[in-house]
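Beneath this line is the structure, given in structure tokens, with notes to follow.
Sequential numbering from 1 along the given sequence is applied to the chain's residues. Remember, predicted model here, so these are calculated numbers, not experimental data.
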Amino acid sequence: MKRYELEHYKETLPYYSEPDLRYKYTPTIWSICQMYDHIILVANEYLDEVDRCLQEDGQIGGKKTPFGERLFREGGFPPIKIELPPEMNQPPNNTDSHDRLRERLLTLISRMEALESRLDDAGDNQKTLHDGFGWLNAREWFELVEMHTRHHRRQQHELEKWLQQKDL
């Protein structure tokens, strides 16, 4: 079985206490819980697009944006903080428990496994639109889950540093 980037977050979750999950160094910095919530929500949105492509509920053809081309050529997001416009940047949920986050991660990983097993049947030309990256096929949407999840590792390390400082 393939190891998904989400496995890292499942494995590190037990290291945080319940208060640590919700700790916010400043009002504008996410908590660990919010980061997990965001990763899970976005992954599910991207997997919805994988499913749409597999069901041929998109369009034939379409190109990536220049940033989308770069993203897939380089195999990941650049090592920068990406801030969405305010209307797209609602704060993620900060109330889930360890058990709830774990349950959501396990459900998501199971969904990835099920969809990945169908990717060989996907037509590369059946695509749906990502507002920032352009037209993506099922394999690209699936790969985007991994790229987005991996991108948040830097944020996780930063949040862990804030947690260590709070205890000093």
Item to check | Heavy-atom donor-acceptor pair, N137 side chain to Q126 backbone, under 3.5 Å | outcome: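 Checking the backbone N and O of Q126 against the side chain of N137, no donor-acceptor pair under 3.5 Å is found.
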Next on the checklist: Quick one: does any side-chain atom of H98 pair with a main-chain N or O of Y16 as donor and acceptor, under 3.5 Å?
Outcome noted: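 Answer holds: yes.
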For [X], side chain to side chain donor-acceptor pair (under 3.5 Å) partners two or more places apart:
X	value
E158	K81
S17	D20
E140	K64
Y23	none

Checklist entry - If you look only at pairs with a residue in residues 121-130, which of them pass as a salt bridge (charged side-chain N to carboxylate O under 4.0 Å, His left out), with sequence neighbours excluded? => result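 Applying salt bridge (charged side-chain N to carboxylate O under 4.0 Å, His left out) to every pair that reaches into residues 121-130, excluding sequence neighbours, yields D124-R139.
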Next on the checklist: Under the side-chain hydrogen bond (donor to acceptor under 3.5 Å, both in side chains) test against Y4, which residue among E116, E113, K10 passes?
Outcome noted: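 Single pass found, and it is E116.
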Checklist entry - Should the ring pair H130 and F133 be called parallel, tilted or perpendicular, given that the plane angle runs from 0 to 90° and is split at 30 and 60? => result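 Parallel.
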Checklist entry - What's the verdict on salt bridge (Lys or Arg N to Asp or Glu O under 4.0 Å) for E74 and R70, showing C-alpha distance, side-chain angles and the deciding distance? => result CA-CA 6 Å; E74 294 177 6; R70 179 178 161 209; 3.3 Å; yes
Item to check | Residues D96, R22: salt bridge by 4.0 Å N-O rule | outcome: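 No.
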Checklist entry - Using a side-chain heavy atom cutoff under 4.5 Å and only I, L, V, M, F, W and Y, what cluster partners does W135 have? => result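 L129, all in the cluster of W135.
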Checklist entry - Can we call the ring centroids of H38 and H148 under 6.0 Å apart? => result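 Centroid separation for H38 and H148: below 6.0 Å.
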Item to check | More than 12 heavy atoms from other groups under 6.0 Å of CZ on R102 | outcome: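 12 or below, so no.
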